[in-house]
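One structure is given below, represented as structure tokens, and several questions about it will come after.
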Amino acid sequence: MLDKTFDAAAVETRVSAVWDEAEAFKAGAGAKPGAAPYSIVIPPPNVTGSLHIGHALNNTLQDVLVRFERMRGRDVLWQPGMDHAGIATQMVVERQLMERQEPGRREIGREKFLEKVWAWKDESGGLIINQLKRLGCSCDWSRERFTMDEGLSKAVTKVFVELYREKLIYRDKRLVNWDPTLQTAVSDLEVENIEMQGHLWHFKYPIEGEEGRSIVVATTRPETMLGDTGIAVHPEDERYKDLIGKYAILPLVGRRLRIVGDEHADPETGSGAVKITPAHDFNDFEVGKRQDLPMVNLFDTEANVVLEGNAEFLDGVAESDDLKATIATINGLDRFTARKRVVAMMEEKGLLEKVEEKPVMVPHDEKSKTTVIEPYLTDQWYADAKTLAQPAIASVREGRTTFIPKNWEKTYFEWMENIRPWCISRQLWWGHQIPAWYGPDGKVFVAYSEDEARAEAATHYGEATDLTRDEDVLDTWFSSALWPFSTLGWPDETPELERYYPTTALVTGFDIIFFWVARMMMTGLHFMGKEPFSDVYIHALVRDEKGAKMSKTKGNVIDPIVLIDEYGADALRFTLAAMAAQGRDIKLATARVEGYRNFATKLWNAARFAEHYECKRVGGFDPATAKETLNRWIATETTRAATAVTGAIEAYRFNDAAAALYRFTWNLYCDWYLEFSKPVLNGEDGPAKTETRATVAWVLDRIISLLHPFMPFLTEELWAREGDEGRTALMLNAWPDLGFEDSDAADEINWLIETISAVRSVRSEMNVPAGAMIELAVSGAAFTTAARLQSHNVLIRRLARAESLTLAHAPRAGALQIVVGEATFSMPLEGVIDIDAERARLLREIDKIAKDVGKIEAKLANEKFMAKAPEEVIEEQRERLAEAAALKAKTEAALARLEPAA
RNA sequence: GGGCGGUUAGCUCAGCUGGUAGAGCGCCACGUUUACACCGUGGAUGUCGGGAGUUCGAGCCUCUCACCGCCCACCA
């Protein structure tokens, strides 16, 4: 016996155990012989993370696809794993050390610190996996990988070494986005520009040798002026043409600034002259390189100003009182204090022309959004993204990989076509240490191992030489970029790699198209020679109620586990799928989850209905052999629902699939079919009852199957409870592939539904007491209708609450009258109903129909419509007109008869 | 500055290639029916952001305006 309500928590535990035991998640489980592979790699969550609602959506959709394909008999692998998340994880552990007042990472050293990170990984890494399991994710957990496990590290090393040897990875000194708090380089993508209220200071720089003449330049960052090494003006700018080649004198420092002609200077902007600070501004860096200006770096790694003993700063600058004062005032200050002091000093000297308020975009670190990122001149490793991007662009261009929805391709192209070198080194400890070793003279040896590097060095130097390994680690995304093949065993030639690469679909959010999708495309094509996936399904981002992106630091994260505890995993999954329309954001409402929890209960109760009426699964039952119209009808509707669901999932239209399932289950199967079946099931035993019992069970089985990808726990439970044949898990059973269709039966029962609805509606509208049994007399019924009335006499009477249903020659006077098709149903209710109200009702009805008729008539009278509209549309309009006109006539007749034949 | 998306019932949102406006929740009324009150039956509510255009026909296509959101970008 099933309990009265569905206890999600208990069922989830029990069903999980069943799946475990059946090893139903394993790659290839349930696959038909010779089945084509279907594979998805999970977007690896951070090891230290916990499940947020975005993960829940992402993984629900993947699980829907994977369960669907597994039931269809494909050879399915859903490859799970986790990401080491360099910066995030290192920060977490550092914070822990601080909180516990233990020595910091620099004090305990690299090795000890890494031990602590690994310990933390072991402690926290299982959390999110368990949460994914609670969601019902059918990943092959036996194949779980980690970006820093041995195999994946091997893949990382190989990729680095090979790309280096192909000159697609190189070391370069250039401006990089530097995080002064973490003291590491970050990529362009990890910088978030935030608009802040700032100032634009206009400074006067004296011209050398021209007493009284100066040139005005503007800056939003006065502290960097100390690093100016030139001034640019437009080559064609008449105001400044004569100055090109001359020098200005940098105030406070005394450095001679060469005035250069460069297209970068825009005559329309500001004064038309730009100061050039090549070591502290990305534009200026380019100008500096073009014009061969010196680079003066002013900052240390924490972005404090270093002037004293700074050779670049002092180079070519004469001793002076100004210089001494500047060093005394500014040296050692942080950026922001230095800025104020510089402005004050310039003002004091009368060199501050004016200050404007100006909104400026300030680069911040993407994680905490508190540190201002500094353009900083350092040596870093770069990948030649431009070269790697070319095949990746072509793949999408030529349709070998498709984005769904398609408009994301534009975003992808936009970025890929303007891609810049990818800075792949990070000054962190947690991550893959770069396989590069330096000789005493700084010569670099990139190799698979230290031994190999030594050997190379020995050859190079002609003797054994001590080498120092590069301290830096690789960007976390460098290892995730290899995920689709590294997880399958690459660089080894494993059977899994052979079988499951390229993967079929990638399911992810648009926020990591650049970070991840694009880079997987690049490495996949380069190393495997094939796109890593054929479909990229981009889903919405789940946002908080204000529409803001959820983040741990903002603390606006909805915990899906709380929702699972309250409503069950199935309800949450169904909600997410139902809301996964191919749009941009999802704002999750709890009421929606509750609604789908109710849906789960509804299905549960339908199963209880089946149990109560002993509707047991009949092996080999074929609805095509059914005799009863009702059964033929519901079987037809089942086929239609299955077709809709299958098509929707294939097209990644998860919301359509969910809606079709909801409607079929609740509004057709429960609301109508089960109600229709009651008289038979309560009646005498016989062929009709036997057939109906079998059909009730058969449809329920199809519903459970079709619903399984969305609500795996509930459906698996019902599957097991319903039958007694000791069959295998539902998740490994066949996806319904139905072909039965009887449109005559469908028409007949749809007429029946329409008829009952019409009677109910009028009863309710005319305030006929719900319990009152009425008499129904039908006039004007055509032969088919008369036959139908006879076949469904019992049902109509039962569901429309009528004690009699008879044919009559003419409608009764003074009765409630309802027109259904060509027939008129009348209910003599003299004294019970309010004649005036009924008259009003009929008038309203007629009015509505008349409007309809008017519209269609106008359309058909329109010559252009008749000339240009397709024949079937015209035909449809004609039919509609005929129907509406007939309905109107009948309703008018009903109105005329309303007065009792006094 | 460039790009993308949104504006549909009180709320949250569906409406694929143009052909009679939908769901869930909420709301109102009524509760006959032993699967289900996490329920049943019935009901109300929309100049589909504004304007113009294309079309026989526009929520859907084009242009334009307004507001909202996101992504990208080196304008001192």
Side-chain angles (χ1 to χ4, degrees), chain A residues 2 4-6 188-189 193 200 202 217-221 232 264-266 268-277 281-287 361 375 407-408 410-411 414-415 418 510-511 513-514 541 543 545 547-549 567 571 575 578-579 581-592 594-613 648 651 653 655-656 659 662-663 670-671 674-675 678 757 760-765 767-773 798-799 801 852 855-856 859 862-870 872-874 876-877 880:
Chain A
L2 294 171
K4 194 164 177 186
T5 52
F6 167 53
D188 304 327
L189 290 173
N193 290 306
L200 188 60
H202 297 253
V217 292
T219 180
T220 55
R221 300 203 50 201
H264 167 64
D266 176 4
E268 305 296 316
T269 306
S271 67
V274 197
K275 64 190 215 49
I276 303 298
T277 323
D281 181 282
F282 286 102
N283 280 318
D284 295 4
F285 180 79
E286 295 303 322
V287 178
M361 297 299 271
N407 55 314
W408 290 109
K410 187 157 185 171
T411 308
E414 184 63 29
W415 189 70
N418 296 295
F510 60 81
D511 53 330
I513 291 178
F514 305 146
L541 230 52
R543 295 174 183 277
E545 54 278 299
K549 190 170 162 178
Y567 299 107
T575 307
M579 295 181 81
Q582 296 177 356
R584 281 224 156 185
D585 359 313
I586 292 177
K587 277 187 267 170
L588 191 70
T590 332
R592 204 78 192 261
E594 192 182 332
Y596 292 124
R597 185 272 320 265
N598 295 351
F599 175 59
T601 307
K602 185 73 181 179
L603 178 62
W604 181 263
N605 277 300
R608 291 182 67 223
F609 175 98
E611 187 180 65
H612 181 260
Y613 287 102
R653 300 182 62 87
N655 57 318
D656 285 349
Y662 187 94
R663 185 165 305 181
C670 292
D671 287 350
L674 294 187
E675 291 304 325
K678 279 177 182 173
S757 297
R760 279 172 168 177
S761 173
V762 171
R763 283 180 62 123
S764 172
E765 209 172 328
N767 295 316
V768 177
M773 297 301 278
R798 179 187 170 95
L799 296 176
R801 304 297 296 158
D852 229 25
K855 255 194 247 172
I856 307 167
K859 225 177 216 185
N862 185 337
E863 283 174 32
K864 286 179 177 170
F865 173 78
M866 298 303 285
K868 300 204 171 177
E872 70 251 33
V873 174
I874 294 175
E876 196 185 312
Q877 295 297 320
R880 275 184 58 201

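Below, chain A is the first sequence line, B the second, and so on; all start at residue 1.
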Please confirm whether the backbone N or O of A:R763 pairs with a side-chain atom of A:N767, one donor and one acceptor, at under 3.5 Å?
-> no

Gap in Å between the two P atoms, one belonging to B:G40 and one to B:C4, rounded |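 It works out to 45 Å between them.
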
Closest to the A:F514 side chain: B:A14, B:U20, B:C72?
-> B:C72

Taking only side-chain nitrogens and oxygens of A:Y613, does any of them come within less than 4.0 Å of OP1 or OP2 of B:A35?
->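 Yes, within the criterion.
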
For atom P, what is the distance between B:G69 and B:U12, given to the nearest Å?
-> 15 Å

Phosphate contact (B:C4 OP1 or OP2) by A:K410 side-chain N/O below 4.0 Å =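 Indeed, a polar side-chain atom of A:K410 lies that close.
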
Integer angstrom distance from the C1' of B:C61 to that of B:G57 | 13 Å

Which of A:W604, A:Y662, A:F6 passes ring pair (Phe, Tyr, Trp, His ring centres under 6.0 Å) with A:F599? It is A:Y662

For the side chain of A:T601, starting at C-beta, report the closest nucleotide among B:U41, B:C38, B:A14.
->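 Side chain of A:T601 sits closest to B:C38.
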
Assign A:A606 to base, sugar-phosphate, or nothing according to its heavy-atom contacts below 4.0 angstrom with the strands shown.
->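 Here A:A606 touches the bases of the nucleic acid.
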
On RNA chain B, nearest-nucleotide positions of A:D852 versus A:F282: which is more 5'?
->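 Closer to the 5' end of RNA chain B: A:D852.
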
Phosphate-side-chain proximity, A:R653 and B:G15, N/O vs OP1/OP2 below 4.0 Å =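 Affirmative; the distance criterion is met.
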
For the residue pair A:Y596 and A:Y567, is the inter-centroid distance of their aromatic rings smaller than 6.0 Å?
-> no

Which base, if any, makes a Watson-Crick or G-U wobble pair with B:G1, both distances under 3.5 Å?
->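 B:C72 - that is the nucleotide pairing with B:G1, both distances being under 3.5 Å.
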
Is any side-chain nitrogen or oxygen of A:K864 closer than 4.0 Å to OP1 or OP2 of B:C56?
-> no

Who is the Watson-Crick or G-U wobble partner of B:G10, with both distances under 3.5 Å?
-> B:C25

Nucleotide paired to B:C30 in any strand shown, Watson-Crick or G-U, under 3.5 Å =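 Because both required distances fall under 3.5 Å, B:C30 counts as paired with B:G40.
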
For nucleotides B:G15 and B:A9, find the distance between their P atoms and express it as a whole number of Å.
->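 Nearest-Å result for B:G15 against B:A9 at atom P: 15 Å.
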
Between A:N767 and B:C30, does any side-chain N or O lie under 4.0 Å from OP1 or OP2?
->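 A:N767 to B:C30 OP1/OP2: no side-chain N or O under 4.0 Å.
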
Nearest-Å distance once atom P is located in both B:G50 and B:A58 = 15 Å

Look at the side-chain N and O atoms of A:K855 and state whether any lies under 4.0 Å from the OP1 or OP2 oxygen of B:G57.
-> no

What integer number of Å spans the P atoms of B:U47 and B:U8?
-> 11 Å

Choosing from B:A35, B:U12, B:C75, which nucleotide comes nearest the side chain of A:R608?
-> B:A35

Which value, in whole Å, describes the distance between the P atoms of nucleotides B:C27 and B:G59?
-> 32 Å

Kindly point out which of B:G42, B:A76, B:U33 is positioned nearest to the side chain of A:E675?
->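 For the A:E675 side chain, the nearest candidate turns out to be B:U33.
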
Counting only heavy atoms not in A:K678, do more than 12 fall under 6.0 Å of its NZ?
-> yes

Considering heavy-atom distances to RNA chain B, does A:D656 or A:S761 have its closest nucleotide positioned more toward the 5' end?
-> A:D656

Counting only heavy atoms not in A:R760, do more than 12 sit closer than 6.0 Å to its CZ atom?
-> yes

